[in-house]
Every structure is written in C-alpha cells, then in structure tokens.
Amino acid sequence: MALAQGGVGTEAAAPTSPAPILEVDDLEVAYHVYGAAPVRALKGVSFRIAPGEILGVVGESGAGKTTLSRAIMGVVPAPGRIERGRISFLGTNLIELEDVELTARRGRDLSMIVANPRGELNPLLPIAKQIANVAQVHLGVAPPRAREMALDMLRSVAIPDPERRMRAYPHELSGGMAQRVVIAIALLCKPKFVISDDATSGLDVTVQAQILELLRTLVREKGTSMLYITRDTGVAANFCDRIAIMHQGEIVEEAPTGDFFAGPEHPYSNLLLAAFAHDPALRQRWSAVAGEAAPEMTGLGCLYADRCVRREERCFREHPALRPVQAARFVRCHFPVER
Amino acid sequence: MAILRYLGGRLLFLVPQMVGIVLVGFILIKAVPGDPATLMLGPMATPDSIAKLRGDLGLDKPVTTQFLIYLKKLAHGDFGTSWQTTQPVLEDLKVRFPATLELVTFGLLLALAIGIPLGIVSAVRKTGFLAKLGDSYGLVAGALPDFWLALILIYVFYSVLGWVSSPIGRIDITMVPPTATGFYTLGSLLEGNWAAFRSSIQHLVLPVATLGLINAGPILKMTQSTMQRMLQSDFSEYERLCGLPERLVMRHALRNALPSVVTIVSVLYGFLIGGAVLVEIVFSWGGAGQYAVQGVLNSDFNPVLGFVIFSALFSLVVYFTVDLVYLAIDPRIRH
C-alpha cells in the first residue's frame, strides 16, 4: 500500500515552476470511532498549488474533500486525526506548528470560504462586528479602523447598501449576501491562499455565477492561490486552472483543466463527467457492468475496481500509483483511457 | 415600534391569564375535601352551629356564586381573612411573601454563582478536577433532598462549629425587624441598622446555602449541555476556522447559550416560591410557602388562594422580564 502512494509532490516539480504556495505531501487522515476500525478519509493525498493558481478538487460526497480542506486549515473535526504527511505552506509545515501559531495564521495567511454561510455566521452578532473581529484579531487594528475595513470589504464583494448591511444580522441576509460576507471575511487579511469548500453549491444558478465571477476577479487582482472544492464539474471547468479528481480519499487523476476536459483518462473521471452530462447512454457506458455481481474487494487492489468498467484481474491485485502520463498530467489507473 | 406593540399585547394578556389562574385555583381548592366550619368550631360543635357558620361564611351558596363573590372582593383588593391567623390575607402575605422572595432570590443568586462557572468549565474541559466536579455535581445535587441537606448544614455549622446563630426565623427574636422593602437585609441596610443586618445575614446563610447548593444542579447541567452544543456548533467551528482565539469563541458561545440558562433560572424562580417550603419549615422561616401549606392542611381557603394569586403574578412578571431579556439577547426574536 505504502509503495503505491507515490507522492506527486516530487514528480510534479517541473524545473521552471515557481516555488509553490501550498504543497501537500502524502497526507493521511483517519477518523477513530470507538470500537471500530479507523476510517481512512484521506489515503496519502499529494498535490501542489503555484502562486495565483486555482486547483479544482472534484469528487462525490464522501470522497474526502471536506476532510482535506479542514486538514489544511488545521481543524480536522473531532474523531479525526492527521496520521502522517506534510502540509507545507510557504515552506512551513503546518502540521508541526503550535496551536497558537496555527490559530494566528488561520484566517490571516490562509483562509476558507464555507458553504451554507447563514448557518456558519454567529446568529447574535451583526455582520460588521463579525468581520471587524477578524481584522482586530489578525491585523491588530483598533475597532474603528476594523469597522472601516469591514465596510471597504463589503464594498469590494459588491454588497449593495453596505452601510445598512453592516448593521444586519445573519438571519436578515439572503443566501447570496451571506456568501459574499463570508468571502469578505476570507479575503479581509489578503491571504496568500484561500480554500473554497463547496461554497456556491447552495445558491441558485444566477447568484452562483455572480459569486464565481466576483471570486475570480478578487483572486486574480490579489494573486491569491486557491483550492476550489466542488461536486460540480461544470463549475470546475470554467473556474479552475487545474483539476484533481478525488475518489475514496485518493486523487485518481490530476490534469490541467483544458487537457482534462478534452479527454479524462481515469474511468471514474469519465463516469463523473457522464453523470453531469445528463446523457443516460453515456452514463450507462461508464457504470459498472449490469447483471454481474460486484466482485469481492481484497483491499490490495484499486479502490475503484468494483465499480470500474475497464477492470482486469490485475486491478484487484495491485493498487495503482498516481503516475505521470503526460507533462503535468497524472492518473491512478493500470488501464487508463487513451485518446 | 413593533416591539412596544408586542410588549403591550403581552401586558394586556396578563389580565385574562390571572382570571384563569384564580378560577382554576378556586375550583381545585373547593374540590379538596374538608370543611373550614367544622375545623374552626372544633370537635365539640353542634350540627346547628356548624350550619350557621357555613351560612355566615357563604359556604352554603353554589360554587359559582362563591367564586363571583370572591372575584368581586378581589377586585377591591380584599383577599379575605385567614381564620388561623385571624388577619386579612393581604396583610399576612405582605410579610410572608417578601420573606420567601428574599430567601429564594439569594438562593438562586448563589445557585447561579456555582452553576454557571462550573457548567462552563465542565463544558470546555474534558479532563481535570473541575470537569469531574462539574460532572458529578449535577448528579449529586439532583439526588439530594433539600430538607436533608438543610439538616446536615444545621448540624455542622450550628451544632458542631457554632458559626451561625440559631436557625430559627429570619432575624434574632429580640430584635425589631426592619420594615422597609420586606427584605430584612435591604431594610436593615436602608435603616442603617447594622446589628439587624448582621443578624439577618446570619439567619440567611444556611437556608440560602441549602437552596443554592441544590438548585445549582439544574443550572449547571443546562449551562454545560448548552455550552457544549454551542462550542460544537457551526458558527463556533467557523470562528475557529477564521482563526479567532478560543477565548473569544467561548465568549460568543456563552452568549448563545445564555437564553437557555435564563429560561431555567426563570422556571426555578417561579417554582421555588412554593417549592422552598420544606426549607422554610426546617428553618421556621415564616414564608409564603409555609403559610399556604398550613392553609391547605386546615381548609383555610383564603390564604391558599392568596398565595396562588401572588405566586402566579410573580411568575408572570418573571416570564415577562425573561421575554425582555430574550429580546435584548437575540436579534432573531425582534421580528
């Protein structure tokens, strides 16, 4: 198993590429539930993000996307634990940092845009106070200055009538407004790196488009790098520079966005795209063989083997490594789809 | 503006609420077997004299008529007379209700002073002495009878250690009780009577400790469970994600937990007016609860009804105040 988890970190380093903002190397996170075997949510995930780059992480529910984002932020939810690996942010391994230090960086140097922001904001504090709190804590500014910054930030995320919204409470905001507030908080301290965890999934399509446009502008203006987590391959296609497909806690394919959508190589990537294509015939083509009983998984082979249409005997025996197939393109499959 | 209208509506609604409470109280008391006339005249009374007294008291009239007469008198501020104390009930309650209120108020303040900090600590820390204390306290306090704890406290602090004066009444019997406010502590302070103040404190310590120690249990449990929920809630997680220090996250969680704590305090406050009666009896406190229980045992209707009305009014005032507190805490209710 360990052998199969080749780190992309080293392989991906092209000699000309600038030093990455974030480098995740062989990250493993497991949830320890009392009386049961630990559940490995991330099984040796590796990737790197260059300055100003947007990496899209796409996968179905339970693929480990949220665990990945929380692990990078240093707040793995309760029974979860980082088992091994490295999360190197501007050269510092975040996993080795003291809590105090990590807390100070979180929200300042790297920040996160959450989904369902109306449920995430403190219901008893006005918006202004919640934004200003972050400014006061991270930038050490006085309350009046923090308020000014909050107002400026609300303007830059294009909230209409920002003076009035400053006094509003979370329950008085629409979903789109609350999303903008959360973006304002995330970008307030001009972080080098932002994670968006399914941030626009709860919004209707028009608002989603506006928010994405806004995010893209803000990110491009400030040269921020981004990890964009989503289930929506369409959004990822339009928004990200590179795509990584996650399946059961592993990255199974990683490629520049254009190359990826021109021809996904992993069978799972193809199924994922087919699912979004609303084409039953296409979906059928990539779904597991009907009528055939699902083969028994040995735990040694490819994690996708039981659902795969291209599986061979070897897939059950040997776990595939994430291997380069072209420049900056990786796939974790013994029999990738060739184009 | 909408808030004022809401509050005005609440105040207006108090009147039918009170009438309803008096009606229910009246019916329940009449449903309890027992004839005051028989008890008043004693075992040697003749049936004729009993019948005559029943007529004088209006007990021979239909219950509805009796109720209307009672309501009419009540409207003029007449709560009737207690045949046991031979005093107007209103006069009795003017002394006894503040006695209970003073006891219960200080008892609850002590309960809050114990329950909230311990609740917070045991919610925040999973291990350590204070966390264990918080966990076991809720269990123990819920299992102890208050009168038993009162007796233990008397034994230890009066009989053995002799730290407090004799646990009878609210003040040394040789002293003239202060009249202002009905609270002996406040009254003696206002009159500048230090001896009376010291004596009233001495008499308060043990019953207040009893009520405080027992009632800290539910307050602790409520604080602990709500705080735990708030600290794990999405907004607390988000504040941590934003890198706010844990102290600030805790402060915000506490504010979100406050409404539940206020609720349990208001429920306890209303409940203890009558519920502290065993403690009152142990300390011969002469409070409203004791007065009402004596009334029930001796078919003395007027004190019982008077007590019901007083404590109902008190509860309604408490709940009304609690609504104001909610309004101040939670912006979501203001709509």
Side-chain angles (χ1 to χ4, degrees), chain A residues 66 69-70 72-78 99-127 129-139 167-173 178 181-182 184-189 191 194-195 197, chain B residues 1-3 6 116 120 122-128 131 222-263 322-335:
Chain A
T66 296
S69 65
R70 302 273 154 161
I72 295 171
M73 295 299 288
V75 284
V76 183
D99 269 357
V100 186
E101 178 110 11
L102 196 59
T103 305
R105 285 182 175 234
R106 196 186 296 145
R108 186 187 69 194
D109 302 340
L110 68 169
S111 66
M112 185 152 156
I113 302 167
V114 292
N116 179 29
R118 280 212 289 181
E120 305 271 352
L121 292 165
N122 188 333
L124 300 189
L125 291 182
I127 297 307
K129 185 85 191 132
Q130 304 200 36
I131 307 178
N133 268 340
V134 176
Q136 278 168 254
V137 166
H138 286 311
L139 307 173
R167 290 189 299 273
Y169 289 90
H171 71 277
E172 297 168 327
L173 300 177
V181 170
V182 167
I185 293 176
L187 300 181
L188 181 68
C189 304
V194 177
I195 300 174
D197 186 1
Chain B
M1 229 34 242
I3 295 173
Y6 165 76
I116 291 187
I120 294 173
S122 57
V124 172
R125 301 225 186 110
K126 299 280 169 284
T127 52
M222 182 60 93
T223 310
Q224 184 192 29
S225 65
T226 321
M227 258 315 258
Q228 266 169 356
R229 213 174 54 234
M230 290 304 158
L231 283 169
Q232 287 163 9
S233 70
D234 286 346
F235 68 82
S236 292
E237 289 294 335
Y238 179 63
E239 288 185 341
R240 288 188 196 106
L241 260 182
C242 288
L244 297 193
E246 196 58 29
R247 225 161 24 97
L248 199 56
V249 175
M250 254 172 59
R251 218 164 64 207
H252 290 162
L254 182 60
R255 202 167 154 214
N256 277 276
L258 223 47
S260 311
V261 179
V262 171
T263 305
V322 164
D323 277 353
L324 292 180
V325 174
Y326 286 161
L327 278 176
I329 296 177
D330 193 340
R332 283 169 297 185
I333 308 177
R334 283 175 216 155
H335 291 267

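Quantities reported herein were computed from a predicted structural model and do not represent experimental measurements. Naming convention: chains lettered A, B, ... in sequence-line order (proteins, then strands); numbering from 1 in each chain.
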Approximate separation, where rounding is to 0.5 Å, of [X] [atom1] and [Y] [atom2]:
X      : Y      : atom1 : atom2 : result
B:S236 : A:E120 : OG    : CD    : 10.5 Å
B:E237 : A:R70  : CD    : CZ    : 6.5 Å
A:I185 : B:L241 : CD1   : CG    : 11.0 Å
A:Q136 : B:L244 : CD    : CG    : 10.0 Å
B:S233 : A:N122 : OG    : CG    : 8.0 Å

Review point. Heavy-atom distance under 4.5 Å to chain A: side chain of B:L248, backbone, both or neither?
Key: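 Interface part for B:L248: side chain.
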Check your understanding: For B:E246, is it the side chain, the backbone, both, or neither that has a heavy atom closer than 4.5 Å to a heavy atom of chain A?
Key ->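 Neither part.
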Less than 4.5 Å to any heavy atom of chain B: does that hold for the side chain of [X], its backbone, both, or neither?
X      : answer
A:V134 : both
A:T103 : both
A:V182 : both
A:L110 : neither

Under a 4.5 Å cut-off applied to non-hydrogen side-chain atoms, are [X] and [Y] in contact?
X      : Y      : result
A:N133 : B:H252 : yes
B:R332 : A:L124 : yes
A:H171 : B:P331 : yes

Check your understanding: So which of A:A104, A:P117, A:G107 has the largest heavy-atom pair count under 4.5 angstrom toward chain B?
Key ->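 Heavy-atom pairs under 4.5 Å are most numerous for A:G107.
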Point to revise | Winner by heavy-atom pair count (cut-off under 4.5 Å) against chain B, out of A:V137, A:L121, A:V75, A:L188 | key: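 Heavy-atom pairs under 4.5 Å are most numerous for A:V137.
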Point to revise | Smallest separation among heavy atoms of A:G119 and B:D234, with atom names | key: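 It is O-CB, 3.4 Å.
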